[in-house]
Amino acid sequence: MKCLRILIFLSFFLYADSCKDITLFDQSQINTIHYAYHYGKKHDLGYTMAAIAWKESCAGLYRINFDDPSAGIYHAHLPGVIKRHYKTKNTSFKRNVVAERLIRDMEFASQIALEELLYWKKIRNNDWKAIIKSYNKGFSWEKSKGRNQLAEAYYQDISQKVKILKEYFSKNSYLQFPPKHFPKQNPTQKTKKFQLLNE
């Protein structure tokens, strides 16, 4: 019985630690950061998207946060997605529909995240630190000391993850090539997927 408790404790510890240590990622997590990197690479946001996916969802392990509420591998803020992409009323039903799509469809989630980053890239005149802080806290970090501290901590974490990812990718050269069946994305043109709530 004592051995079983120790085994359960160690399993839980290793599982929790796998979100912090990239060398403990399983194949699914590696596939997630690989995909995220290549989705953003064309716009010089590859490592940024991979780092956000790592931080927000533990590289795809936890795809929903009821507190925000947010969903997907990048934890897109549901009310923001509905407002910006669907331009319709934020209802419980629509949040559920969008959340389900973000959780299930990695391409859809990546398109939403990339569009969000490109929006802030334009607003912040390509200032990477401000882009990351704004991805996390919008405009609010400029007006609130507390929110600025949270945004700064978010930026520091993403920055550290980018450094780790660059080293990891350099040691695993196959990650520099796109995954098989990688989609051709166009973030400036909304896909038919965004029509779901308007039909």
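- The list of salt bridge (charged side-chain N to carboxylate O under 4.0 Å, His left out) pairs with a residue in residues 143-156, not counting sequence neighbours, reads K129-E152, K133-E152.
- Residues L150 and I131 are members of separate hydrophobic clusters, defined by side-chain heavy-atom contacts under 4.5 angstrom among Ile, Leu, Val, Met, Phe, Trp and Tyr.
- Listed here is the closest heavy atom pair of S70 and D68: OG-OD2, 2.7 Å.
- Atom-to-atom distance recorded for E107:CD and L114:CG is 11.5 Å, nearest 0.5 angstrom.
- Annotation: side-chain contact (heavy atoms from CB on, under 4.5 Å) contacts of S134 (sequence neighbours excluded): W120, R124, W141.
- In this structure, Y39 and Y35 have parallel ring planes: the angle between them is below the 30° cut-off, well short of the 60° mark.
- Between the side chain of K121 and the backbone N or O of H43, at least one donor-acceptor pair lies under 3.5 Å.
- Within the model, atoms CD1 of I64 and CG of L102 stand 9.0 Å from one another, a figure rounded to the nearest 0.5 Å.
- Closest of all the heavy-atom pairs between A71 and L78 is CB-CD2, 4.1 Å.
- For A51, the side-chain contact (heavy atoms from CB on, under 4.5 Å) criterion is met by I158, K161, V162, L165, not counting sequence neighbours.
- The two residues P79 and P69 have their closest heavy-atom pair at CD-O, 3.9 Å.
- Counted within 6.0 Å of CD on E167, heavy atoms from surrounding residues, nucleotides or ligands total 12 or fewer; the atom is thus considered open.
- Relative ring orientation between F169 and Y37 is described as tilted, the plane-to-plane angle lying within the 30° to 60° band.
- Cluster membership for I30 and M49, using ILVMFWY side-chain heavy atoms within less than 4.5 angstrom, is shared.
- Scanning for side-chain contact (heavy atoms from CB on, under 4.5 Å) contacts around Y119 gives R84, I123, F139, with sequence neighbours left out.
- In this structure, the side-chain contact (heavy atoms from CB on, under 4.5 Å) partners of D21, at least two apart in sequence or on a different chain, are T23, L24.
- No donor-acceptor pair closer than 3.5 Å links the side chain of W54 to the backbone N or O of K20.
- The number of heavy atoms from other shown groups lying within 6.0 Å of OH (Y174) is above 12.
- Here the shortest heavy-atom pairing between S110 and I73 reads OG-CD1, 4.3 Å.
- A donor-acceptor pair under 3.5 Å is absent between the side-chain atoms of N148 and the main chain of S144, judged by distance alone.
- Formation of a donor-acceptor pair under 3.5 Å by the N172 side chain with backbone atoms of Y168 is found in this model.
- The closest donor-acceptor contact from the side chain of S159 to the backbone of Y155 lies at 3.5 Å or more, if one exists at all.
- Sorted by first and then second residue, the salt bridge (charged side-chain N to carboxylate O under 4.0 Å, His left out) pairs involving residues 53-65 (not counting sequence neighbours) are K55-D157.
- Checking side-chain atoms of T48 against main-chain N and O of D44 turns up no donor-acceptor pair under 3.5 Å.
- Panel note: side chain H75, backbone Y62; a donor-acceptor pair is recorded below 3.5 Å.
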